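Take a look at the structure set out below.
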Amino acid sequence: MAEPLLRVEGLSCGHGQAVVLADIGFEIEAGRSLALLGRNGSGKTTLIDTLIGAAQRHAGRITLDGLALHTLPPHRRAAAGLGWVPQERNVFSSLTVAENLQAVARPGPWTQARVFELFPRLAERQRHLGHQLSGGEQQMLAFGRALVLNPRLLLLDEPLEGLAPILVAELLRAIRRVARDEGLSSIVVDQHPRLVLGVTDDALVLDRGGIAWRATSAELLDDPAPLATWLGLGARA
Ligand SMILES: Nc1ncnc2c1ncn2[C@@H]1O[C@H](COP(=O)(O)OP(=O)(O)O)[C@@H](O)[C@H]1O
Ligand SMILES: [Mg+2]
């Protein structure tokens with residue numbers, strides 16, 4: 001069998017001495033997208049941060065197409081192909097939209113022009129400064145910045161958080177297009193399973209320091225009982 005794009009084996013991670021996730025393992029095949037679900041505090045951000053090298057790895061291996069990422073400092077992981085959109089949108093507030101994209105762009109299929117086509121709102125505001133953008137526009141820009149990095153694996157931590165419904169729909173459409181239609185491998189963290197399962201291929205649910213459930217996104221949409229168990233009753237809605 002071909003090497004998966006991402007392989008996580010025996011990973012224990014947390015903050016300082018504290019262990020948040022113990023001995024977890026999963027894989028992502030090239031071209032597939034993974035919904036990472038779990039209650040608040042279940043370790044979703046900790047896992048993403050451990051992948052990029054910003055949280056503490058206590059044990060285990062992380063490989064990207066066979067390359068041992070866990071041995072590399074964060075900037076080398078980015079260069080190896082991890083594109084990251086943090087939970088707190090990190091756009092440069094004193095640069096324009098266009099400059100924000102140019103500052104990080106690397107050669108590949110995702111160009112500034114294609115980001116502007118994906119998010120026409122950003123094209124309209126390309127001369128506005130980062131701090132002049134609304135929260136939703138900043139989220140689009142953070143997403144666009146990760147795309148023009150032309151990553152092999154895109155990591156989106158709660159891209160829908162705090163957005164008005166019309167912007168949620170716009171972001172979901174963009175994620176679906178990038179992850180499903182164009183096959184950019186990705187991990188999408190969200191607290192709204194129904195939304196994110198609709199735009200991903202596979203799902204993992206974190207609970208009590210480990211992986212509580214794994215299934216395809218379609219299976220979980222078909223039979224949401226596990227979501228109610230692991231995420232609470234609200235997850236059915
Ligand atoms: N910087 C940090 N230092 C210490 N503990 C942290 C830090 N960030 C998160 N935690 C703890 O790690 C656990 C998992 O948090 P987190 O990964 O943010 O969960 P999620 O993203 O699923 O809401 C929580 O118990 C949280 O309090
Ligand atoms: Mg989080």
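As the structure is a computational prediction, the values presented were derived from the model and not from experiment. Just so you know, ligand 1 is whichever comes first in the structure, and atom 1 is the first atom listed for that ligand. All values below were derived from every heavy atom in this structure, side-chain atoms included, with hydrogens, water molecules and symmetry-related copies excluded.
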Please indicate whether R76 has more than 12 foreign heavy atoms, meaning atoms of other residues, nucleotides or ligands, lying under 6.0 Å from its CZ.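 At most 12 heavy atoms, drawn from other residues, nucleotides or ligands, come within 6.0 Å of this atom.
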Does atom CZ of R208 have more than 12 heavy-atom neighbours from other groups under 6.0 Å away?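 Result for CZ/R208: open.
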Relative to [atom], which among [options] owns the nearest non-hydrogen atom?
| atom | options | value |
| --- | --- | --- |
| atom 24 (C) of ligand 1 | G41, G16, S42, G14 | G41 |
| atom 3 (N) of ligand 1 | R39, E158, Q17, H15 | H15 |
| atom 21 (O) of ligand 1 | D157, L36, L206, T45 | T45 |

Does a donor on one side chain sit under 3.5 Å from an acceptor on the other, for S33 and D201?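 Checked: S33/D201 side chains pair up, N/O donor to acceptor below 3.5 Å.
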Is there at least one protein heavy-atom neighbour under 4.0 Å from atom 13 (C) of ligand 1?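 Protein heavy atoms within 4.0 Å of atom 13 (C) of ligand 1 - there is at least one.
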Find out whether I187 and L51 are in side-chain contact, i.e. whether some heavy atom of one side chain is under 4.5 Å from a heavy atom of the other.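 Of all side-chain heavy-atom pairs linking L51 with I187, at least one is under 4.5 Å.
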Going by heavy atoms in the side chains, are I24 and L47 under 4.5 Å from each other?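 In contact.
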Flag, side chain of R7 to backbone of E27, donor-acceptor distance under 3.5 Å: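 Looks like no, no N/O pair under 3.5 Å.
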Does D202 offer a backbone N or O that forms a donor-acceptor pair with the side chain of S217 under 3.5 Å?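 Side chain of S217 to backbone of D202: a pair is present.
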So that I can check it, does any N, O or S atom in T45 come closer than 2.8 Å to the Mg ion (ligand 2)?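 So T45 counts as coordinating the Mg ion (ligand 2), yes.
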Would you mind telling me if ligand 1 is within reach of the side chain of V20, the backbone, both or neither, using heavy atoms under 4.0 Å?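 The answer is the side chain.
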What part of K44, side chain from CB on, backbone N/CA/C/O, both or neither, has a heavy atom under 4.0 Å from ligand 1?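 Looking at K44 and ligand 1, atoms from backbone and side chain both fall under 4.0 Å.
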Are A18 and ligand 1 in contact, using a heavy-atom cut-off of under 4.0 Å?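 No, A18 has no heavy atoms under 4.0 Å from ligand 1.
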Which heavy atom of the protein is the closest neighbour of atom 15 (O) of ligand 1, given with residue, atom name and distance?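 The protein heavy atom lying closest is T46 OG1, 3.8 Å.
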Going by the order shown, which atoms of ligand 1 are within less than 4.0 Å of some heavy atom of N40?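 Atoms satisfying the 4.0 Å criterion: 23 (O).
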